[in-house]
Amino acid sequence: MSKFQKKQAQTKQQVPTAAMPDIIFMLLIFFMVVTVLREVELQVRVDFTRADNIEKIEQKRLVSYIYIGPEILGGGRYGQTRVQIDDALIDDIYAIRNLMYDKLMEEPRLIVSLRVDEESEMGVVSDVQQELREAGTLRINYSTLRGEGAPM
C-alpha cells in the first residue's frame, strides 16, 4: 500500500439538464412559426414541360398559381382537362376573370403562374389566358422544369 493517496474532489461533475426542456420547447415553437405547410391540395395532374431558358421568381408572395391538367379521378385514372385555382376546381371558365380580378385588387403587383400539364388541351389554356387578359392580370408566367441540356 502506498502511503500517499491522491486527493479527489468530493463533488461530481454533471451536466446541468434543468434548461433542456426550455430549449426544446423554444426550438419547437421556432419550427412551428417558420414552417410553411402546403397550401393547395392538387386535384389535377401537373407534369411540367422542360425549358432551357428559365428565370426564377424571387418574390413568391406575389404569385398566384393556376393549375391546368387532367382531373385526378383516383385509382390511377384521369379525366378531362380542368382548371384549379387555390383548392377549387373551376367549372365555369368565365369565373376565372372575377377571381383573378379580386386577387389583383388585393395585390396590384400580382404575378399569375400557370402550372400546365404537358398533355393538357391547348384550347383550355388559351381560354384561361383570355380570361386573365380580361381581368387585367397581365403579369403571367409558366412554370417549367429546367431542361436536360441547360446549364444550372
Side-chain angles (χ1 to χ4, degrees), residues 13-152:
Q13 298 289 331
Q14 292 182 353
V15 176
T17 58
M20 192 72 77
D22 295 336
I23 294 170
I24 292 172
F25 187 69
M26 285 189 323
L27 284 174
L28 180 66
I29 295 294
F30 172 75
F31 286 117
M32 288 173 61
V33 169
V34 298
T35 302
V36 176
L37 300 176
R38 186 178 182 118
E39 297 173 359
V40 176
E41 184 72 28
L42 284 180
Q43 300 177 23
V44 296
R45 182 189 71 191
V46 177
D47 289 334
F48 294 114
T49 59
R50 296 201 173 267
D52 292 335
N53 191 10
I54 61 174
E55 186 174 321
K56 186 174 182 178
I57 296 174
E58 298 298 329
Q59 296 177 332
K60 298 281 185 182
R61 298 215 178 261
L62 302 176
V63 178
S64 178
Y65 296 100
I66 296 178
Y67 302 92
I68 302 173
E71 182 181 4
I72 298 172
L73 299 176
R77 297 179 301 132
Y78 298 101
Q80 293 185 347
T81 300
R82 301 285 304 267
V83 177
Q84 178 182 348
I85 298 176
D86 296 331
D87 279 334
L89 289 174
I90 304 298
D91 293 326
D92 184 16
I93 202 83
Y94 301 108
I96 294 172
R97 182 183 311 181
N98 294 332
L99 283 169
M100 298 315 291
Y101 181 77
D102 291 342
K103 287 187 175 195
L104 183 65
M105 291 296 110
E106 291 175 9
E107 178 56 56
R109 298 176 297 162
L110 178 72
I111 301 170
V112 178
S113 180
L114 295 174
R115 294 187 162 192
V116 181
D117 186 79
E118 62 186 357
E119 295 178 5
S120 61
E121 300 169 13
M122 191 59 199
V124 175
V125 177
S126 297
D127 292 343
V128 170
Q129 288 175 336
Q130 185 64 32
E131 291 303 313
L132 291 174
R133 187 176 302 137
E134 294 293 328
T137 53
L138 303 176
R139 298 178 69 188
I140 298 173
N141 73 357
Y142 292 90
S143 297
T144 64
L145 296 175
R146 187 173 297 278
E148 298 284 332
M152 295 300 245

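Just so it is clear, the model here is predicted, and its values are computed rather than measured.
- With rounding to the nearest 0.5 Å, the separation of CZ in Arg139 from OG in Ser64 is 13.0 Å.
- Here CD1 of Ile66 is found 7.0 Å from OG1 of Thr137. Values are rounded to the nearest 0.5 Å.
- To the nearest 0.5 angstrom, Leu145 atom CG is 6.5 Å from Phe48 atom CZ.
- Between the CD atom in Glu118 and the OG1 atom in Thr144 there is a gap of 11.5 Å [rounded to 0.5 Å].
- Between the CG atom of Leu28 and the CD1 atom of Ile23 there is a distance of 13.5 Å, given to the nearest 0.5 Å.
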Please tabulate, for side-chain N and O atoms in residues 78-101, each donor-acceptor pair with protein atoms closer than 3.5 Å (sequence neighbours left out).
residue : atom : partner : partner atom : Å
Thr81   : OG1  : Glu121  : N            : 3.4
Arg82   : NH1  : Glu71   : OE1          : 3.1
Arg82   : NH2  : Asp91   : OD1          : 2.6
Gln84   : OE1  : Gln43   : N            : 2.8
Gln84   : NE2  : Glu41   : O            : 2.9
Gln84   : NE2  : Asp86   : O            : 3.0
Asp86   : OD1  : Lys103  : NZ           : 3.1
Asp86   : OD2  : Lys103  : NZ           : 3.2
Asp87   : OD1  : Glu41   : N            : 2.9
Asp92   : OD1  : Tyr94   : N            : 3.3
Arg97   : NE   : Glu131  : OE1          : 2.9
Arg97   : NH2  : Glu131  : OE1          : 3.2
Arg97   : NH2  : Glu131  : OE2          : 3.3

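- Rounded to the nearest 0.5 Å, atoms CG (Leu62) and NZ (Lys60) are 11.0 Å apart.
- Annotation: side chain of Tyr67 is in contact with side chain of Leu42 (closest heavy-atom distance under 4.5 Å).
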Side chains of residues 107-117: which donor-acceptor pairs under 3.5 Å do they make with residues two or more places apart or in other chains?
residue : atom : partner : partner atom : Å
Glu107  : OE2  : Arg109  : N            : 3.4
Glu107  : OE2  : Arg109  : NE           : 3.3
Ser113  : OG   : Asn141  : OD1          : 3.0
Ser113  : OG   : Ser143  : OG           : 2.8
Arg115  : NE   : Ser143  : OG           : 3.3
Asp117  : OD1  : Arg45   : NE           : 3.3
Asp117  : OD1  : Asp47   : N            : 2.7
Asp117  : OD2  : Arg45   : NH2          : 3.2
Asp117  : OD2  : Glu119  : N            : 2.9

